[in-house]
There are 2 protein chains.
Amino acid sequence: MIPARSPDPGLDAPERCRLVSEVLSRVGDKWSVLVVMTLGDRPRRFSELKRAIGSISQRMLTLTLRGLERDGLVARVVTPSIPPRVDYELTPLGKSLRGPVEALGRWAMAHQGEVQASRAAFDASSGTGGLA
Amino acid sequence: MIPARSPDPGLDAPERCRLVSEVLSRVGDKWSVLVVMTLGDRPRRFSELKRAIGSISQRMLTLTLRGLERDGLVARVVTPSIPPRVDYELTPLGKSLRGPVEALGRWAMAHQGEVQASRAAFDASSGTGGLA
DNA sequence: CAGAATCCCATTGGATACTG
DNA sequence: CAGTATCCAATGGGATTCTG
């Protein structure tokens with residue numbers, strides 16, 4: 001249904017890689033994923049988002065939302081009233097990102113224990129006993 | 001087959017969220033994903049990795065590999081010879097991460113055009129015409 | 001309420017030089 | 001070859017203050 005120019009075989013590998021990692025860097029940053037998932041399926045107001053995420057500063061929420069808006073993942077809807085009301089919601093593109101992101105989240109949930117165990121073991125043999 | 005303590009219903013939501021985002025932050029950083037994907041399916045030597053990735057500094061490659069090793073995603077195999085030889089390879093846990101990461105990569109490839117277009121549009125209406 | 005602007009500290013990460 | 005150590009610049013990001 002989505003036109004979504006298919007992978008575009010005209011680009012060479014290094015160039016594609018650059019573009020992909022540029023897109024991934026948005027996903028990579030600390031807040032974008034959190035905001036996308038919090039936005040979930042219904043629009044949310046600015047302060048509603050802030051409260052839902054809790055740990056984010058107002059500055060970073062603004063910056064993150066601007067970035068997501070610029071990339072077409074989030075739509076900003078202003079209702080000019082007093083006090084002003086601004087709602088944010090995922091665009092179709094933004095929603096399409098939820099699938100892969102949730103997959104990563106499930107991986108993290110499923111393997112979090114192993115990762116923690118590995119970290120503990122690594123730290124233990126790094127400090128004590130390793131070679132001292 | 002893997003024991004992999006299942007999601008552990010004993011943890012409360014905020015705590016789980018913290019752990020998940022801690023794991024995601026490893027995936028989130030600039031190099032980890034690139035290294036994991038470059039490692040792919042066979043072991044690679046240090047300098048082989050460095051050349052394959054190209055843009056990474058030797059310092060960051062070392063740091064990234066240490067982090068991945070600590071998290072149990074990568075195994076470090078030292079062959080004490082002169083000159084020394086060190087191979088890195090994905091552990092089963094590391095390999096299990098490739099699936100979700102590739103899914104994200106495919107998303108980025110598929111939608112890279114839309115994102116770029118959106119950025120261009122956003123930047124255009126931000127600078128010129130918006131309200132000047 | 002939503003946000004822009006400023007200040008300032010902490011972390012990231014590159015370049016370079018040195019070692020086993 | 002495979003690092004470690006040091007220095008330094010750029011960025012990230014919190015706290016606070018001010019505005020429409």
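Please read all numbers here as calculations on a predicted model, not as lab measurements.
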Note to self: Any side-chain N or O of B:S57 below 4.0 angstrom from OP1/OP2 of C:dA15?
What the structure shows: no
Item checked: Separation of C:dC1 P from A:E48 CD (nearest whole Å) -> 12 Å
Notebook entry, point to check: Does a side-chain N or O from A:R45 land closer than 4.0 Å to OP1 or OP2 of C:dC1, or not?
Noted result: no
Next item on the list: Would you mind telling me which of D:dG13, C:dG13, C:dG3 lies closest to the side-chain atoms of B:K30?
Entry: C:dG13
Notebook entry, point to check: Looking at B:R76, does any N or O in its side chain come under 4.0 Å of the phosphate oxygens OP1/OP2 on D:dG3?
Noted result: yes
Next item on the list: For A:P84 and for A:R66, locate the closest nucleotide of DNA chain C by heavy-atom distance; then report the residue assigned to the nucleotide nearer the 5' terminus.
Entry: A:P84
Next item on the list: Let me know the distance between CG of A:L49 and P of C:dG3, rounded to the nearest Å.
Entry: 10 Å
Check: If we only count heavy atoms from C-beta on, is the B:L68 to B:L39 side-chain gap below 4.5 Å?
Finding: no
Margin query: If I compare all heavy atoms of A:V33 with all of A:V27, which pair ends up nearest, and what's the gap?
Written below: CG2-O, 3.3 Å
Notebook entry, point to check: Pick from A:I56, A:L63, A:L61: which one makes a side-chain contact (heavy atoms from CB on, under 4.5 Å) with A:W31?
Noted result: A:I56
Margin query: Does C:dC1 have its OP1 or OP2 closer than 4.0 Å to a side-chain nitrogen or oxygen of A:Y88?
Written below: no
Checklist line | Residue pair B:A52 / B:T38: nearest heavy atoms and the distance that separates them | finding: CB-CG2, 3.7 Å
Item checked: B:R59, nearest nucleotide to its side chain (from D:dA15, C:dC1, D:dT6) -> D:dT6
Note to self: Please report the distance, rounded to the nearest Å, between NZ in A:K50 and C1' in D:dG14.
What the structure shows: 10 Å
Margin query: Does C:dG3 have its OP1 or OP2 closer than 4.0 Å to a side-chain nitrogen or oxygen of A:T62?
Written below: no
Check: B:E69 CD to D:dG3 C1': how many Å, rounded?
Finding: 13 Å
Notebook entry, point to check: What nucleotide, of D:dC1, D:dA2, C:dG14, holds the atom closest to the side chain of B:W31?
Noted result: C:dG14
Checklist line | Between C:dA4 (P) and A:L61 (CG): distance, integer Å | finding: 11 Å
Next item on the list: Using whole Å, report how far CE of A:M60 lies from P of D:dA15.
Entry: 13 Å
Item checked: Given C:dC1, D:dC1, D:dG3, the nucleotide with the shortest approach to the side chain of B:F46 -> D:dG3
Notebook entry, point to check: Atom CD of A:Q58 to atom C1' of D:dG13: distance rounded to whole Å?
Noted result: 12 Å
Item checked: Nucleotide D:dA2, atom C1' - distance to CG of B:L63 in whole Å -> 14 Å
Check: Pick one: which of A:K50, A:R45, A:R44 meets salt bridge (Lys or Arg N to Asp or Glu O under 4.0 Å) with A:E48?
Finding: A:R44
